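All values reported here derive from a predicted model rather than from experimental measurement. A note on names: the letters A, B, ... follow the listed sequences, proteins ahead of strands, and every chain is numbered from 1.
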There are 2 protein chains.
Amino acid sequence: MTILLATDFAGDELTQWLTALRSALPGETLITERASCDAASVDIAIVANPPAGALAGLPNLKLIQSLWAGVDKLLRDASVPVDVPLARMVDPAMNAAMAETALWAVLSLQRGFFAYAQQQRVAQWQAHPQRRADETRVTVLGLGQMGRAVAQRLASNGYRVSGWSTRETQIDGIDARCGDAQLPRVLADAQIAINLLPLTAATTGLFDAGTFARMRRGPSFVNLARGAHVVDADLLAALASGQLQHAVLDVFATEPLPASHPFWSHPQVTLLPHVAAQTDPRSAAQVAACNVRALREGQALADLVDRRRGY
Amino acid sequence: MTILLATDFAGDELTQWLTALRSALPGETLITERASCDAASVDIAIVANPPAGALAGLPNLKLIQSLWAGVDKLLRDASVPVDVPLARMVDPAMNAAMAETALWAVLSLQRGFFAYAQQQRVAQWQAHPQRRADETRVTVLGLGQMGRAVAQRLASNGYRVSGWSTRETQIDGIDARCGDAQLPRVLADAQIAINLLPLTAATTGLFDAGTFARMRRGPSFVNLARGAHVVDADLLAALASGQLQHAVLDVFATEPLPASHPFWSHPQVTLLPHVAAQTDPRSAAQVAACNVRALREGQALADLVDRRRGY
């Protein structure tokens, strides 16, 4: 029984992951090259951006464990066997990292720190009125593991937080709504909207001209989920018209974001290179190892993806 | 009995303060021009950057209530009568604003968001390793009302927080030290040092070459207190040598910071125009009104400054 690590990791990053996984999985055989063993011996694949076709022709595969939280790319890869249980990464350390990024974006927007950074570039000394956290309404779209961590962190720091998800969810201190009919309502109320939805057929292109028009005039938009949730041209138009005030974007339709893309130099866009919640090898290896042990011991697997739902 | 509002407020800001104070002080006579009444009738002065000499020649003054938290400038003004009780502003809303600014600075430093902002300017897509909050040691210098609020907010967001003050202070979850002998120790340990000390003879110029040399190599420095705490030339030298990695500065020896000052364009300096905790007229007027009522009713005055101590 062999575990295949199928990934585009290289160099130091690959070394770091192998060290963490080997330490979390004593007694297991972990390989990175399929050619180095009999394909029939591979029963578990641990994946992070696997090369195309990496999981094809593994007749005894029983578990695909992703090291990333988002599995939309895996579900689009026709060579990933559809009858093998697929688990996504649910790591408290990643949830905390996402909550930190969302909190930083909200603090920056609430208190005008992005505007002050612009002023520093032109040596402009100018104070602006200060808004309180409890006067700042933040809507978190998507209340899965990460959305929930974000909503709770913002509420504990004094913000007025509402949330929206497709399924009913209850979170202490959060005004949580669900279903398509409630979406316009939570959007209309938001001063800051944070996208943490999974990428599915229903959410692709959700943030388009129609959605931005449903928001109160002048809110800010924070995308920490997937680039394909957003119609870039509509976002740029909403910023230009004043419908949106500012956008904080961590994810993009094409990554790395091409150097010619207008987001890079846009004064109303703050851009991160997909780092809102990086997987931490130390904790993620432990999470993956839990599922490996569960499989070996015939226990229930955690965090399995519902392929019909898409996450 | 008349209350004199002695300030350099003008225009909308003055209107906002007068509205808030009149609403908080029904039945009181509030004036902004000394000439408009008999000097002997003024028994309370509410001050915020009072013009020089504004408090001289008021024979029946019984309370000077500052609208700012810091009173160092008032204590240096020889025309402010030394035998009249002086109260500084202690407003929970200001403490919360200060905690937000400190948290934003710490999040930005911990997660590299200042570095990513630099990268955006040159369209550079490059992720950096992610550090956890519980791996980030923050030292808060000064554990008064604001330092305490900052230390608690950082601890509740998962940071490893230590504190230092001249007098012994106990705060849950904080490793609080006191006295000159402990200062080198807390500095040596800090990855991020936040200055929230009062400005006194003992703390003026505290952050000089000697202090920066006592810190571990490569920490960051956040100054949210007073510009005169820092020797600017030594700070620039510490940034140039790599002894300090980054500085977040809200306060300066001369404000507004002159356009020619090297801080403005320094890539390792993030600069705010003294907005870390602006006084909010709505809540501060209520706090001032409490002391006015206490005086009228012969009750004890709150938040009086110890002029010998200097804060």
Contact part of [X] toward chain B, heavy-atom cut-off under 4.5 Å: side chain, backbone, both or neither?
X         : value
Ala105(A) : neither
Gln110(A) : side chain
His261(A) : neither
Ala96(A)  : neither
Ala277(A) : backbone
Phe114(A) : neither
Pro258(A) : neither

Residue pair Leu272(A) / Trp125(B): nearest heavy atoms and the distance that separates them:
O-CZ3, 4.1 Å
Which atom names give the shortest non-hydrogen contact between Asn157(A) and Arg153(B), and what distance separates them?
OD1-NH1, 3.0 Å
Just verifying a value: how many Å separate [X] [atom1] and [Y] [atom2], rounded to the nearest 0.5 Å?
X         : Y         : atom1 : atom2 : value
Gln119(B) : Trp264(A) : CD    : CH2   : 7.5 Å
Tyr116(A) : Asp250(B) : OH    : CG    : 9.0 Å
Leu107(B) : Thr101(A) : CG    : OG1   : 8.5 Å

Between Pro256(B), Ala133(B), Pro273(B), which has the largest tally of heavy atom pairs under 4.5 Å with chain A?
Pro273(B)
Do side-chain atoms of [X] reach the backbone of [Y] as a donor and acceptor pair under 3.5 angstrom?
X         : Y         : value
Arg121(A) : Ser265(B) : no
Arg111(B) : Val275(A) : yes
Gln278(B) : Ala127(A) : no

Answer yes or no: is there an ion pair linking Glu100(A) with Arg132(B), defined by an N-O contact shorter than 4.0 Å?
no
Can you say whether Gln124(B) sits under 4.5 Å from chain A via the side chain, the backbone, both, or neither, judging by heavy atoms?
backbone
